[in-house]
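Single-structure report; data block below.
Throughout, protein chains are lettered first and strands after them, A, B, ... in sequence-line order, and every chain is numbered starting at 1.
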There are 2 protein chains.
Amino acid sequence: MRSDAERNYARILSAAKTIVAKQGAQASLRDVARRAEVGMGTLYRHFPTREALLETLLRDRFEALAAKAAALESARDPFAALAEWLREFLSWTPFRGLASALMATLSDQESALHASCHAMRQAVGRLLARAQESGQVRPEVDSLDLFALVNAVGWVSEQAPDLAARQERLLGFVLDGLASQQDDADSRECR
Amino acid sequence: MRSDAERNYARILSAAKTIVAKQGAQASLRDVARRAEVGMGTLYRHFPTREALLETLLRDRFEALAAKAAALESARDPFAALAEWLREFLSWTPFRGLASALMATLSDQESALHASCHAMRQAVGRLLARAQESGQVRPEVDSLDLFALVNAVGWVSEQAPDLAARQERLLGFVLDGLASQQDDADSRECR
DNA sequence: ACCTGAACACCGTTCAAGT
DNA sequence: ACCTGAACACCGTTCAAGT
């Protein structure tokens with residue numbers, strides 16, 4: 001990579017980090033180029049799609065989360081390990097629209113973000129399987145359910161500050177819903 | 001209302017219904033005006049904001065859902081009644097972005113959609129209270145939790161067709177999470 | 001190789017000019 | 001009273017022209 005290209009690449013990423021944090025995933029790419037003091041064509045040369053740019057902003061974090069999941073595989077309590085990973089996942093909210101961007105990667109197999117997410121999803125899938133083998137999580141739950149629900153909680157938290165404040169609570173409800181149920185529907189009536 | 005105004009109002013609504021169903025809540029207002037064969041100023045005269053247009057598209061349904069909730073207040077099983085209302089709520093998916101639009105009304109007290117939603121939220125709040133009084137739902141859940149979580153499930157369903165297919169399943173998990181829990185965290189371990 | 005920025009086709013919003 | 005559509009300031013994307 002030519003030195004001016006390398007410099008521009010770094011400037012764009014730095015600008016994008018700021019602008020996307022402020023404006024969300026739908027931030028103006030023109031604003032990014034302006035802040036990076038770079039022509040629009042330069043931005044497109046380095047990041048052919050908006051998604052490629054977001055992927056570069058997110059990649060490191062996904063790798064870290066995948067590593068965290070791998071580490072938690074040897075935890076004593078598989079359910080607690082799963083819960084801890086999910087809390088960790090939700091604790092990082094780099095910009096509005098993240099939940100939506102992550103869900104979009106499910107359909108779009110070609111995208112850079114899809115690849116970036118895949119290892120992480122595999123790793124948390126193993127955490128889920130362990131929690132199911134130990135009988136703590138309902139056997140019919142799969143990793144898509146889990147990924148969808150945790151992103152749903154993340155999405156809710158993006159919607160309003162007072163909902164962000166409830167994030168742990170809401171995750172708790174969802175986790176209890178995924179946990180093995182001891183009571184059936186009948187016993188719930190008139191207790 | 002002058003007769004040409006009345007005609008334009010109806011044409012705009014009809015066009016909006018089609019375009020918004022296709023493009024979602026972020027549909028192009030220009031496309032709506034074009035399809036209605038109306039100038040942009042006419043659209044703005046009748047619907048000063050995008051939200052006002054959406055509110056008019058949604059109002060009847062919200063009233064029906066509020067009425068449904070009121071009717072379910074006298075049901076024998078309050079938990080089943082709540083579950084039925086939530087399924088009914090989720091069964092109607094007029095366009096992408098609905099969940100987001102509904103959540104936005106929470107912060108924006110001035111909006112037309114906020115008013116439209118309020119009666120419905122009150123009504124389902126009473127369903128929730130009944131289910132709590134009967135001991136079927138955890139006492140710490142409030143109606144904002146419930147509204148957030150049901151919209152979260154609706155949002156997930158907007159993200160991909162195979163997630164829409166899981167909507168009932170996901171709602172089931174969430175409902176079980178809100179239901180009174182018989183087991184505590186310790187008893188979940190190594191069962 | 002890489003960068004620039006004008007060009008193009010869109011968009012939301014406003015408002016002078018019409019009837 | 002209501003309607004029209006051009007005008008304005010944006011946007012994403014492309015690409016001829018430069019170095």
Among [options], which is the nearest nucleotide to the side chain of [X]?
X	options	result
B:S28	C:dC11, D:dC3, C:dC2	C:dC11
A:R30	D:dC3, D:dC11, D:dA7	D:dC11
B:L29	C:dC3, C:dG12, D:dC11	C:dG12
B:V38	D:dC3, D:dT4, C:dC11	D:dT4

Measure [atom1]/[X] against [atom2]/[N] and give the value in whole Å, please.
X	N	atom1	atom2	result
B:I12	D:dC2	CD1	P	12 Å
B:E37	D:dC3	CD	P	14 Å
A:I19	D:dC11	CD1	C1'	14 Å
A:E51	D:dT13	CD	C1'	17 Å
B:F47	C:dT13	CZ	P	15 Å
A:L43	D:dC11	CG	C1'	13 Å

**Prompt:** Ion pair present between A:E55 and A:R59, side-chain N to carboxylate O less than 4.0 angstrom?
**Reply:**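 Salt bridge present between A:E55 and A:R59.
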**Request:** Answer yes when A:E158 and A:R96 have at least one side-chain N-carboxylate O distance shorter than 4.0 Å, and no when they do not.
**Result:**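 A:R96 and A:E158: not salt-bridged.
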**Prompt:** Taking both distances under 3.5 Å as the test for a Watson-Crick or G-U pair, what stems of at least three pairs does DNA chain C have?
**Reply:**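 Consecutive-pair runs (3 or more) involving DNA chain C: C:4-8 with D:12-16, C:12-16 with D:4-8.
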**Request:** Give, ordered by number, those residues of residues 94-112 of chain B having at least one heavy-atom distance below 4.0 Å to an atom of DNA chain D; if nothing qualifies, reply none.
**Result:**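 Those residues whose heavy atoms fall under 4.0 Å from DNA chain D, taken from residues 94-112 of chain B, amount to none.
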**Item:** A:L171 vs A:L149 side-chain heavy atoms within contact, under 4.5 Å
**Value:**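 The answer is no, as the side chains (C-beta and beyond) never meet within the 4.5 Å cut-off.
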Shortest non-hydrogen contact between [X] and [Y], atoms and distance:
X	Y	result
B:M103	A:V156	CE-CG1, 4.4 Å
A:A25	A:L54	CB-CD1, 4.2 Å
B:A123	B:A66	CB-O, 3.8 Å

Please confirm whether the shortest side-chain N or O distance from [X] to OP1 or OP2 of [N] is below 4.0 Å.
X	N	value
A:H46	C:dC3	yes
A:N8	C:dC3	yes
A:R34	D:dC11	yes

**Asked** Should the ring pair B:H46 and B:Y9 be called parallel, tilted or perpendicular, given that the plane angle runs from 0 to 90° and is split at 30 and 60?
**Response**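 Aromatic pair B:H46/B:Y9 classed perpendicular.
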Kindly list each side-chain donor-acceptor pair under 3.5 angstrom involving residues 32-42 of chain A, sequence neighbours excluded, with atom names and distances?
unit_1, atom_1, unit_2, atom_2, d
A:R34, NH2, A:D31, OD1, 2.6
A:E37, OE1, A:R11, NH2, 2.7

**Request:** Check whether the side chain of B:R50 and the base of C:dG12 form a donor-acceptor pair under 3.5 Å.
**Result:**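 Absent.
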Dump the pairs, protein N or O against N or O of nucleotides 14-19 of chain D, anything under 3.5 Å, distances to one decimal.
none

Donor-acceptor contacts, no H, no angles, side chain residues 78-87 of chain A, under 3.5 Å, sequence neighbours left out:
unit_1, atom_1, unit_2, atom_2, d
A:E84, OE2, A:K68, NZ, 3.1
A:W85, NE1, A:L65, O, 2.8

**Prompt:** Base, sugar-phosphate, or nothing: which does B:A27 touch, judged by heavy atoms less than 4.0 Å apart?
**Reply:**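 Sugar-phosphate only.
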**Request:** Look at all strands and tell whether A:R7 reaches a base, only sugar-phosphate, or nothing, counting heavy atoms closer than 4.0 Å.
**Result:**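 Here A:R7 touches no strand at all.
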**Request:** Count the heavy atoms belonging to other residues, nucleotides or ligands that lie under 6.0 Å from CD of A:E88, then report whether that count exceeds 12.
**Result:**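 Enclosed.
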**Request:** Report the C-alpha distance between A:L144 and B:L163 in whole Å, list the side-chain angles of each, state the deciding distance to 0.1 Å, and finish with yes or no for side chain to side chain contact (heavy atoms under 4.5 Å, CB included).
**Result:** CA-CA 8 Å; A:L144 182 55; B:L163 287 166; 3.9 Å; yes
**Request:** Only counting residues at least two apart or in another chain, list the ones meeting side-chain hydrogen bond (donor to acceptor under 3.5 Å, both in side chains) with B:R169.
**Result:**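 Here the qualifying residues are A:D145.
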